[in-house]
Amino acid sequence: MIVNMTNLATREEIDHVIERIRECGFQAHVIEGAERTVIGVVGSNGRRAEIEALKAAPGVAEVIQIAHPFKLVSRQLRQQRTVVDVGGQKIGDGGLIVIAGPCSVESADQLMETARAVRKAGANMLRGGAYKPRTSPYDFQGLGVEALRFLREASEETGLPIVTEVMSETDVEIVAEYADMVQVGARNMQNFSLLRRLATMRCPILLKRGPSATVKEWLLAAEYLLAGGNPNVVLCERGIKTFETATRNTLDLAAVALVKELSHLPVLADPSHGTGVRSLIGPMSKAAAAAGADGLIIEVHPCPERALSDGPQSLDLTGFALLMKDLGREPVEDLYPRTAAVSAADQLASTLT
Ligand code: PEP
Ligand code: MN
């Protein structure tokens, strides 16, 4: 249920309602809007009838039922859109942010080369997997902490905030120490103990939709994070399993538009995992933007044919720069202009045989 206070409600009236909600066995989630305060009533074991009776309390405009099982993520509770700040980069403020980088961090050089190139092409954030959820135990599993260090170095040099996946509760501390945003991968969307742990932190979370999860299950997974105290959640549609085998997954862009109706949280689209096909990344990026996505997360590798994971769905550096141009992004100024010293060294080198 939601208790909408009137725009004239006093502090005492608001505090009284919060106290009554707690007395009735619920938790109160207070949202102070510009004009009025809205109080979400959360929990399942309280005395509902007494909350309904709060209609009669001073300062209360109305008490309404929330139509969905997810409450704190619902737009019914909060009409204003959530804007998540990731290391200074805003997600959900109306712009289209682009996160780019390799599926897996493979070496310091591979990551740095990618980071410089995607930054130059206008990307807003850098991605890269340090802990990789692989279908086969014989495939590359990620470089772990070493990769986290490479990510930090690349972020420091380029200024791009980083997002990387955490796979287990054991690694939450270390990943959150290095990353600006922590990704919960598709396979872990319903790992409730991981969600509960991440809910106790303030770090922004990128919550990917499970390959077989309904929109309701996805939003309820996000509800775990908000209910546990972490409001900094960004959703990501990354394709679902359907009967179709021509693409790796089916990128459900209707779900992007639907979630924007149902929830105040920002939503990204991942056309790389969503299609598994390099040539489809461009068209689906534009389609996702048209469907209302707040951003894209795209896999980019300096040499996709040598990638240790997800090469076939990775753009190379030129392909990414072209896509960004197509999306209307201007390349940003070169962080690495050739200095006079380098040019002189090049000139000298060219005279040597
Ligand atoms: C990834 O981002 O590389 C990844 C493994 O994503 P997902 O969890 O969506 O498969
Ligand atoms: Mn991948």
Side-chain angles (χ1 to χ4, degrees), residues 86 97-106 110-111 114 118 123 125-137 139-144 147-148 150-151 162-168 171 175 179-191 194-195 198 204-213 215 217-218 221-222 233-242 247-253 255-256 259 267-278 280-281 284-285 288 293 295-316 320:
V86 183
I97 70 127
V98 179
I99 306 175
C103 176
S104 301
V105 176
E106 299 167 7
Q110 170 248 16
L111 184 68
T114 314
V118 299
M125 280 180 62
L126 178 67
R127 62 149 288 147
Y131 299 88
K132 293 307 299 176
R134 303 307 301 279
T135 304
S136 163
D139 286 341
F140 178 60
Q141 304 285 311
L143 297 178
L148 295 176
F150 297 157
L151 282 161
I162 50 174
V163 58
T164 193
E165 177 166 353
V166 67
M167 278 173 53
S168 101
D171 301 322
V175 173
D180 298 292
M181 180 180 227
V182 174
Q183 173 173 321
V184 175
R187 293 157 189 83
N188 265 320
M189 187 205 83
Q190 284 188 316
N191 181 340
L194 180 62
L195 295 177
L198 291 168
I205 309 292
L206 183 63
L207 179 64
K208 289 197 146 193
R209 179 183 182 183
S212 311
V215 165
E217 288 163 340
W218 185 21
V233 178
V234 176
L235 300 162
C236 179
E237 161 61 39
R238 48 76 72 205
I240 51 172
K241 294 244 179 268
T242 66
T247 47
R248 182 178 177 188
N249 291 292
T250 297
L251 187 65
D252 185 4
L253 290 181
V256 170
V259 164
V267 190
L268 307 185
D270 176 345
S272 304
H273 294 89
T275 64
V277 182
R278 180 177 309 130
L280 300 182
I281 294 174
M284 296 318 281
S285 294
L296 304 165
I297 179 163
I298 296 173
E299 289 187 335
V300 180
H301 193 286
C303 183
E305 70 169 63
R306 290 176 188 266
L308 297 183
S309 61
D310 287 350
Q313 65 186 38
S314 300
L315 292 175
D316 63 15
F320 179 70

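For clarity, every value in this text was computed on a predicted model and none was experimentally measured. Ligands are counted one by one from 1 in listed order, and the atoms in each one are counted from 1 as well.
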Quiz item: Ignoring hydrogens and geometry, is there a side-chain-to-backbone donor-acceptor pair from N249 to L251 under 3.5 Å?
Solution: no
Exercise. Output the set of protein residues with a heavy-atom contact under 4.0 Å to ligand 1, ordered first by chain identifier and then by residue number.
Key: C103, R127, K132, P133, E165, Q183, G185, A186, R187, K208, R238, H273, E299
Quiz item: Do NZ/NE/NH1/NH2 and the carboxylate oxygens of R127 and E299 come within less than 4.0 Å?
Solution: yes
Quiz item: With distance as the sole test, does D316 use its side chain to make a donor-acceptor pair with the main-chain N or O of C303 at under 3.5 Å?
Solution: no
Exercise. Report yes or no: does R209 contribute a side-chain atom to a donor-acceptor pair with the main-chain N or O of L235 at less than 3.5 Å?
Key: no
Quiz item: Just wondering, do K208 and H273 contact through their side chains at under 4.5 Å, heavy atoms?
Solution: yes
Practice problem: Would you confirm whether E237, through its side chain, and D252, through its main-chain N or O, come within 3.5 Å as a donor-acceptor pair? | Solution: yes
Exercise. List nothing but the number: protein N/O/S atoms under 2.8 Å from the Mn ion (ligand 2).
Key: 4
Quiz prompt | Under 3.5 Å: donor-acceptor pair, side chain of E217, backbone of M189 | solution = no
Quiz item: Is the shortest heavy-atom distance from the side chain of I97 to the side chain of V86 under 4.5 Å?
Solution: no
Quiz item: Is a donor on one side and an acceptor on the other found under 3.5 Å between the side chain of R278 and the backbone of G311?
Solution: yes
